[in-house]
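Heads up, the thing below is written out as structure tokens.
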Amino acid sequence: MSEQSTSSLDKHFNFKEREAALYTAWEQAGIFRPEAASSKSAPVFNIAMPPPNANGELHLGHSYGYTVMDILGRFHRLAGERVLMLPGKDHAGIQTQVVFEKKLQAEKVDIKSIPTADLYKRCYDFCTDRAKYMRAQEKMLGLSADWSRELFTLDPRLSDIVFETFERMWKDGLIYRGSRIINWSVFSQTAISDVEVEYVERDGGLWYLSYPLVQPLTKSSKHELALPDGRKVKVGELGMVTATTRPETMLGDTALAVHPDDERYKDLVGCEAIVPLVGRRVRIIADKRVDPTYGTGVIKVTPAHDFADYDMGQDHKLELVQVIGKDGLMTKEAGAEFAGLSTKQCREAVLKRLAEEGRLLAESTIKHKVPVGERGKDVIEPLVSEQWFVNVDKAGNSLKRRALEMVKAGKIKIYPARFQVLFEQWLENLRDWNISRQIWWGHRLPVWYRKQGDKEEVHVGRQAPAGAGWTQDTDTFDTWFSSGQWAYSTFAAHGMVNLDKTPASNEFFPSHTMVMGRDILFFWACRMLLLTTYRLGDVPWKNIFFTGLIRDEHGQKMSKSKGNGIEPNDVISRHGTDALRLSLVMGASPGNDIIVSERKIEGYSKFINKLWNAAKLIEMKTCSIHDKGLPAQPTLAANRWILRELARVHRNVTQKMQEYEISIAADELYGFSWTVFCDWYLEMMKVLIDTGNDAYKQETATTVREVFRRILIMLHPFVPYISEELYQKVAGLKRTAFLAGESWDYKLQEVEGTDEVSELMEIVGAIRSVKSALNISSKRIAVSVPGARSAELSLLIKELARVDFVSDAQIPGDRALRKPFSGGVLVLDVDGKENYQKRLEKDAELNRSTIAGIEKKLSGEFATHAKAELVERERERLEQSRKALQEIEKELAMMVQ
RNA sequence: AGGCACGUAGCUCAGUGGUAGAGCACUUGCUUCACACGCAAGGGGUCGUAGGUUCAAUCCCUAUCGUGCCUACCA
């Protein structure tokens with residue numbers, strides 16, 4: 001017996017202390033910089049990581065994305081590549097301004113009294129402060145980012161590029177200023193982007209209004225309309241009947257529209273009608289965008305306050321009458337009677353007046369979706385406003401066509417592949433992009449104006465042109481205009497991309513991979529693709545990986561307002577970073593949502609504990625054994641087996657990682673580490689080291705160290721802390737300063753030999769099964785095992801199954817329980833073997849049905865159609881089952897006697 | 001309305017044209033000196049439904065139901 005040794009490791013992994021210490025050590029060693037790679041010409045793996053908004057803190061969604069990125073980054077770093085995980089923060093325009101102004105309000109600061117320049121500075125400081133906090137969270141998560149290259153979207157190095165892009169696009173005619181319909185936030189007093197608008201379902205009214213015809217019909221129509229109150233009216237009889245959810249906008253109607261193929265209204269197209277209350281004469285137009293089955297099939301067209309109507313207005317050259325102002329109140333265009341009312345008051349007033357005039361025919365309630373601001377209560381009004389736009393589909397120089405061509409040509413590998421189609425659809429549907437915002441937080445437009453008499457001069461440039469009287473535009477850029485350039489501006493800021501050279505391809509560009517949540521992804525990805533293609537003539541990234549969303553255990557989206565969110569800091573402090581990372585990855589297939597609960601995180605913390613204890617055991621058993629290096633061909637079957645298994649797992653995991661199948665790779669490693677390595681191999685190791693001779697000890701100690709070292713390397717991307725800690729602390733594992741310096745790939749000579757261990761596992765399993773059923777698991781019993789095997793294997797079977805070997809003849813018949821296995825029949829010496837009868841009967845039944853199944857199969861056309869090897873395999877299975885059944889029946893017959 | 005995905009054990013998910021899998025949960029036994037955050041042995045599924053192709057379908061095709069998401073519309 002070997003002397004008792006103790007481990008230098010504590011009872012549990014003290015992750016709270018050790019995680020912070022390990023991170024600091026990594027950072028101080030500079031291993032997160034691409035320059036740390038041993039080869040200066042190694043391939044580059046770089047990610048311009050999506051910058052979170054610098055106005056709050058990280059939520060679990062951020063942790064998820066970062067975990068995926070860090071796993072990829074650490075994997076490629078182990079592969080010897082120059083890895084650059086470039087971190088940053090986004091100034092997040094309107095969102096930050098709202099957060100910041102709320103904060104000032106809470107502090108009872110009078111925002112209006114502060115000059116904009118001061119506000120800007122204070123907000124910048126606020127973001128700097130938040131960024132610092134978030135950076136600490138990112139480090140806590142183990143993110144192996146190159147902090148020396150961190151950037152903020154308002155950093156002058158990035159801003160310069162943003163302004164330059166704007167100027168170039170202006171010169172190229174890809175940017176214009178114009179009055180078009182946009183989403184207007186009444187609360188924030190600015191235009192906002194499509195993604196900032198949400199649609200929520202509300203109960204609303206649908207009112208049926210009649211607009212008199214200028215020239216009444218001469219003969220009555222054969223078509224009838226059904227009103228919701230059951231009435232039927234002849235088409236044209238009461239003028240044009242239209243249904244609307246927003247009666248107040250009728251004051252701005254400049255047409256009525258019907259579907260061109262709608263028989264009911266064919267004769268009326270081209271006629272004129274009168275908008276009630278305002279008395280405006282409007283045309284009846286035909287447009288295929290009208291759905292003839294909805295309402296009455298007639299729509300009132302309000303080009304100034306509806307996106308679809310706006311498009312129709314453009315095509316039919318309709319007048320724009322703006323009746324709702326930016327303050328959310330009715331304008332004087334709405335008429336003296338309504339001007340100054342809120343839209344809600346106006347709706348009531350309009351309905352009252354229409355009813356008085358007999359123009360309100362009917363009303364019904366419906367569910368419909370109304371636009372609201374991101375934070376819920378904000379009212380969004382589509383209205384026409386003068387803004388700056390990017391022309392995304394300019395004739396002869398279409399940004400979106402070029403982007404689309406690249407995607408269609410497969411220049412970006414998309415994971416999962418099914419998102420390719422979605423990506424293309426998004427690009428197809430892009431409308432001109434409003435990039436101006438009426439807020440003070442952000443990049444101020446580099447545009448100057450000067451009034452010269454009636455004319456207004458416009459100059460685009462960072463500096464005011466010569467001459468007096470120029471004033472700069474007070475608008476700022478849509479935050480996506482700057483983050484849309486993140487894919488190249490970040491690398492350009494560090495001199496890794498030359499913006500004046502197109503295509504700009506070099507080792508850092510296009511960047512290797514983009515990881516994005518699939519919710520925001522398409523919106524942002526499209527903009528990045530557009531701007532990068534424009535600026536550099538190439539795609540922004542070679543690969544793009546979409547993650548799903550995080551959901552709670554009931555499948556609900558996590559959100560602050562629902563209160564079902566998991567705080568990363570909180571769970572990390574209780575279960576450790578590694579457990580969180582594992583639970584964010586296990587079961588998460590690309591693009592699909594993932595369910596995360598505290599229970600899941602807690603569950604994976606057990607795996608961390610398991611690794612810790614495996615290390616303790618290895619240390620105890622091997623610390624006194626000197627490592628003489630791994631022999632080319634181990635002599636022990638157990639060692640040959642585990643090395644073969646290791647090589648197999650290494651191949652599988654490597655392949656899955658390269659295919660971005662991260663969860664499958666993690667799952668494979670989890671199973672191998674726990675079931676194969678701990679449950680089987682470590683148990684064998686104990687036996688070989690405790691009871692074996694010196695040669696056994698030597699080879700086994702060396703093997704277990706090598707396999708464990710390899711496991712730690714492979715696990716490191718997923719659980720960086722525990723793996724590094726054990727690598728550092730367990731004697732005999734460490735070869736370089738940090739795991740990051742190890743090599744993922746390794747040359748393992750193909751281990752020869754037959755697979756004797758699977759037979760061992762079958763025999764041990766069969767014995768354990770019998771013992772367990774007879775409730776004698778801990779008892780040492782005698783057993784006869786047919787066949788000859790090495791001293792090592794015999795020893796292992798005896799110790800793992802807790803048996804002594806005897807010959808068949810030594811066991812009395814009334815105590816001998818015969819148990820078939822693939823290599824023959826085991827005979828176990830047990831008390832009360834009749835208690836095993838039920839199990840035997842079940843086994844027999846199982847075998848009979850297997851036999852019947854195979855016989856049926858072989859008697860059919862399978863035998864002639866299927867591949868010969870398949871048929872052969874079935875024959876073997878049949879033979880085996882028959883033999884087993886025979887033995888079981890023999891045993892049962894003896895019991896019955 | 002259109003598109004996409006999903007539907008496999010109680011839960012979360014793998015998977016394959018030829019013997020249905022894992023983890024968690026559950027049952028039973030075991031404080032065997034790494035770990036009870038553990039070990040061992042078990043129970044549990046006609047792979048959503050209906051057709052089709054095939055010698056053979058959980059897998060391929062068609063239809064259908066259910067769930068989720070996206071886009072458009074909701075005048």
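Because the structure is a prediction, the values reported are computed rather than measured. So you know, we letter chains A, B, ... as the sequences are listed, proteins then strands, and number each from 1.
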Original post:
Which dot-bracket string fits RNA chain B when only Watson-Crick or G-U wobble pairs with both atom distances under 3.5 Å count, crossing pairs get [ ], and | stands for a partner on a different strand?
Top reply: (((((((..((((....[..)))).(((((.......))))).....(((((..]....))))))))))))....

Subject >> Test item: A:W612 side-chain N/O and A:D10 main-chain N/O as donor-acceptor pair under 3.5 Å >> reply: yes

Gap in Å between the two [atom1] atoms, one belonging to [N] and one to [M], rounded:
N: B:C74; M: B:C6; atom1: C1'; answer: 27 Å
N: B:C47; M: B:G38; atom1: C1'; answer: 33 Å
N: B:G15; M: B:C60; atom1: C1'; answer: 16 Å
N: B:U28; M: B:U64; atom1: P; answer: 48 Å
N: B:A41; M: B:C11; atom1: C1'; answer: 23 Å
N: B:A57; M: B:C61; atom1: P; answer: 16 Å
N: B:C13; M: B:G7; atom1: P; answer: 10 Å

Which nucleotide sits closest to the side chain of [X]: [options]?
X: A:T245; options: B:C74, B:A34, B:C37; result: B:C74
X: A:N613; options: B:A34, B:C24, B:C55; result: B:A34
X: A:R418; options: B:G18, B:C70, B:A5; result: B:A5
X: A:L617; options: B:A34, B:U71, B:G23; result: B:A34
X: A:N609; options: B:C39, B:A36, B:C37; result: B:C37
X: A:R839; options: B:G42, B:G18, B:A14; result: B:G42
X: A:F862; options: B:C73, B:A34, B:C55; result: B:C55
X: A:R873; options: B:G18, B:A36, B:A34; result: B:G18
X: A:R551; options: B:C69, B:G18, B:A41; result: B:C69
X: A:L870; options: B:A34, B:A40, B:G18; result: B:G18

Any side-chain N or O of [X] below 4.0 angstrom from OP1/OP2 of [N]?
X: A:W612; N: B:G38; value: no
X: A:K779; N: B:U32; value: no
X: A:S769; N: B:G42; value: yes
X: A:S589; N: B:A14; value: yes

For a quick check of understanding: with a heavy-atom distance under 4.0 Å over all strands, which category does [X] fall into, base, sugar-phosphate or nothing?
X: A:K842; result: sugar-phosphate
X: A:I664; result: sugar-phosphate
X: A:W674; result: sugar-phosphate
X: A:V298; result: base
X: A:D309; result: nothing
X: A:E683; result: base

Subject >> First encountered from the 5' end of RNA chain B, between A:D593 and A:A866 >> reply: A:D593

**OP:** Name the residue closer to the 5' end of RNA chain B, choosing between A:A773 and A:L206 according to the nucleotide with the nearest heavy atom.
**Re:**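 Closest to the 5' end, via its nearest nucleotide, is A:A773.
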
Subject >> Enclosure of A:K798 NZ (heavy-atom neighbours >12, cutoff 6.0 Å) >> reply: yes

Subject >> Verdict with supporting geometry, A:N609 and A:N613, side-chain hydrogen bond (donor to acceptor under 3.5 Å, both in side chains) >> reply: CA-CA 6 Å; A:N609 185 251; A:N613 279 291; 3.2 Å; yes

Original post:
Should the ring pair A:F607 and A:W674 be called parallel, tilted or perpendicular, given that the plane angle runs from 0 to 90° and is split at 30 and 60?
Top reply: parallel

Subject >> Over all atoms of both residues, closest heavy-atom pair of A:R246 and A:K300 >> reply: O-NZ, 4.0 Å

**OP:** Would you tell me whether A:E876 and A:Q880 have side-chain atoms, one donor and one acceptor, within less than 3.5 Å of each other?
**Re:**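 Result is no, nothing qualifies.
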
Original post:
Is it true that the side chains of A:S822 and A:E762 contain a donor and an acceptor less than 3.5 Å apart?
Top reply: yes

**OP:** Run the salt-bridge test on A:E841 and A:R848 with the 4.0 Å N-O cut-off and return the result as yes or no.
**Re:**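 Not counted as a salt bridge, because no side-chain N and carboxylate O are separated by less than 4.0 Å.
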
Using a distance-only criterion (donor-acceptor N/O pair, under 3.5 Å, no hydrogens), is the base of [N] paired with the side chain of [X]?
X: A:K610; N: B:C35; answer: yes
X: A:E874; N: B:A56; answer: no
X: A:K857; N: B:A56; answer: no

Original post:
So, do A:Y670 and A:Y604 have ring centers that fall under 6.0 Å from each other?
Top reply: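 Ring centroids of A:Y670 and A:Y604 are less than 6.0 Å from each other.
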
